[in-house]
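Chain letters run A, B, ... following the sequence lines, proteins first and then strands; every chain starts at 1.
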There are 2 protein chains.
Amino acid sequence: MPKRAVCLISGGLDSCTTAAIAKYDGYDIYALSFLYGQRHIREIESAKAVAETVGAIEHQFIEIDLGSLGGSALTDDSIEVPDAGRDMDEKSREIPITYVPARNTIFLSYALAYAEVVDADAIFIGATAVDYSGYPDCRPEYYEAFQILANLATKRAVEGDPVEIKTPLIDLSKAEIIQKAKELGAPLEKTWSCYRGGKKACGKCESCVLRLRGFAEAGYEDPIEYEDDADDDHAVKPPAACGFGNKEKKVN
Amino acid sequence: MPKRAVCLISGGLDSCTTAAIAKYDGYDIYALSFLYGQRHIREIESAKAVAETVGAIEHQFIEIDLGSLGGSALTDDSIEVPDAGRDMDEKSREIPITYVPARNTIFLSYALAYAEVVDADAIFIGATAVDYSGYPDCRPEYYEAFQILANLATKRAVEGDPVEIKTPLIDLSKAEIIQKAKELGAPLEKTWSCYRGGKKACGKCESCVLRLRGFAEAGYEDPIEYEDDADDDHAVKPPAACGFGNKEKKVN
């Protein structure tokens with residue numbers, strides 16, 4: 001029987017690449033996506049397209065109402081999504097306003113439940129610590145702690161065969177992720193990364209800027225469309241006040 | 001400023017007692033309850049009444065669709081809730097069919113998010129390992145692992161002041177919990193424990209039998225109503241084939 005993996009698929013570039021890796025590693029894929037009052041509902045359409053392309057056995061959508069708890073620019077309409085670079089120089093590298101409280105913990109908890117129901121061997125999540133952006137739940141030690149929890153939390157764990165938490169992108173820069181995606185033929189043209197909910201990607205928010213820089217560094221053209229007034233300079237030269245990419249440079 | 005606690009309130013006896021302990025310990029209470037396709041929606045009415053009685057500052061209800069994932073008699077209508085004692089002798093003490101996959105992990109994840117939004121110092125959950133019933137996520141080591149995760153998972157944790165996971169009932173038998181509830185004046189008359197969704201408690205499911213035995217052992221009368229055909233013998237003498245209470249006897 002083939003191994004089974006629950007793959008968290010957001011519709012973004014990282015989760016698309018992660019699903020392609022799971023597929024390449026021989027897992028049958030059980031896709032899991034979340035609707036959590038995020039503005040970029042476009043992501044969900046992308047998640048469907050990505051899951052189909054990697055041949056997911058089934059695709060579960062779970063609606064979670066993080067919005068009612070508030071606390072993030074991504075789920076709370078009263079908080080503005082900032083442009084990249086604003087208030088983001090190296091010294092004030094704080095947890096950004098786009099941080100959603102305990103989001104990855106909630107996502108992994110549902111993945112754990114789904115993994116138990118379909119008897120999955122692994123959970124794949126496209127977290128990366130390199131383009132870290134200050135999110136506490138993107139660090140490797142966080143995933144190690146979740147593995148310890150998973151070793152205790154479920155029926156399968158009690159039976160001595162806990163599900164494995166896989167973070168294949170954890171040490172990769174955005175450019176390296178794009179390189180990996182290209183090698184595996186991951187459907188990057190179907191992904192969506194923009195934090196804002198427009199028809200085309202804005203090209204200016206933190207997520208767009210990271211993505212555009214990644215493509216530029218990897219030497220590929222981004223296959224998705226951007227707003228006409230998107231400043232393509234972000235892709236090549238981030239503004240001086242922007243802390244992005246410094247960690248990447250140390251890696252490269 | 002008074003300390004703040006997120007209290008998970010199910011409407012059952014254990015969470016009611018736990019909330020009373022948090023109140024007694026001087027915390028302002030932020031109540032959190034879940035709607036998860038459980039049959040015993042009666043619990044939610046009880047949760048409201050309990051939260052009001054302990055003076056909760058606010059009460060958040062979060063709807064989670066565990067039902068779509070399936071896998072438990074408590075959320076899947078196609079699986080029958082068993083009477084206590086059936087297939088439950090000491091030798092075959094397996095994880096019961098009423099086990100909901102990763103339920104407490106999902107609950108605690110939302111509690112972590114809520115704690116972060118209201119800047120809570122602690123999360124109180126009424127887990128007990130004594131009347132364990134085979135649920136993997138009721139063991140003390142599971143909560144220790146979740147604390148390790150909480151120490152890494154959130155903004156507050158990054159700032160060096162992680163939320164504390166409190167399980168004040170973890171070492172108490174049902175009788176000891178009832179004793180504690182009585183001492184603190186916890187509103188047990190407003191609680192609901194039955195796994196079945198009738199107008200009155202059935203008195204026969206695992207949860208009712210544990211509760212009735214607890215009251216009998218503590219020497220109090222249960223203030224809630226039971227179905228007329230409920231077998232009160234359960235409260236005093238569990239059937240020979242039933243494994244309940246053996247661990248309690250070791251404790252007493």
Side-chain angles (χ1 to χ4, degrees), chain A residues 30 32 35-36 60-66 68-72 75-76 94-96 99-119 134-159 162-163, chain B residues 6 30 32 35-36 60-66 68-72 75-76 94-96 99-119 134-137 139-159 162-163:
Chain A
Y30 292 76
L32 182 59
L35 299 146
Y36 61 105
Q60 288 274 354
F61 289 87
I62 292 192
E63 191 163 353
I64 58 181
D65 60 353
L66 281 176
S68 70
L69 297 178
S72 168
T75 59
D76 186 339
E94 291 175 353
I95 292 172
Y99 168 70
V100 179
R103 189 186 68 165
N104 285 354
T105 310
I106 293 172
F107 289 178
L108 282 173
S109 302
Y110 278 106
L112 204 59
Y114 188 30
E116 188 147 5
V117 171
V118 301
D119 197 22
Y135 296 92
D137 49 7
C138 285
R139 298 176 295 168
E141 55 267 40
Y142 166 80
Y143 291 97
E144 289 159 18
F146 200 92
Q147 181 69 63
I148 292 169
L149 187 76
N151 291 349
L152 290 163
T154 62
K155 195 169 164 178
R156 184 161 171 156
V158 169
E159 290 161 2
V163 69
Chain B
V6 168
Y30 292 76
L32 182 58
L35 298 144
Y36 61 104
Q60 290 272 356
F61 289 86
I62 292 191
E63 191 162 352
I64 57 180
D65 60 352
L66 281 176
S68 71
L69 297 178
S72 168
T75 58
D76 186 339
E94 291 175 353
I95 292 173
Y99 168 71
V100 179
R103 190 186 67 166
N104 285 353
T105 309
I106 293 171
F107 288 178
L108 282 173
S109 302
Y110 278 105
L112 204 59
Y114 188 29
E116 188 146 5
V117 171
V118 300
D119 197 23
Y135 295 93
D137 50 6
R139 298 175 296 168
E141 56 267 40
Y142 166 80
Y143 291 95
E144 288 158 21
F146 201 92
Q147 180 68 64
I148 293 168
L149 187 74
N151 291 349
L152 291 164
T154 63
K155 195 169 163 177
R156 185 162 171 153
V158 169
E159 291 161 3
V163 68

query: Would one find more than 12 heavy atoms of other residues, nucleotides or ligands at under 6.0 Å from atom CD of A/Glu141?
result: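 Enclosed: over 12 neighbouring heavy atoms sit under 6.0 Å from CD of A/Glu141.
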Pairwise distance [atom1]([X]) to [atom2]([Y]) - rounded to 0.5 angstrom:
X        : Y        : atom1 : atom2 : answer
A/Leu112 : B/Ser109 : CG    : OG    : 9.0 Å
B/Ile106 : A/Phe107 : CD1   : CZ    : 12.5 Å
B/Tyr142 : A/Leu152 : OH    : CG    : 9.0 Å

- prompt: Who among A/Val118, A/Ile148, A/Thr105, A/Asn151 has the most heavy-atom pairs with chain B under 4.5 Å?
  reply: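 The residue among A/Val118, A/Ile148, A/Thr105, A/Asn151 with the greatest pair count is A/Thr105.
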Exercise: identify the closest heavy-atom pair between B/Leu149 and A/Phe146: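 Reported closest heavy-atom pair: CD1-N, 3.5 Å.
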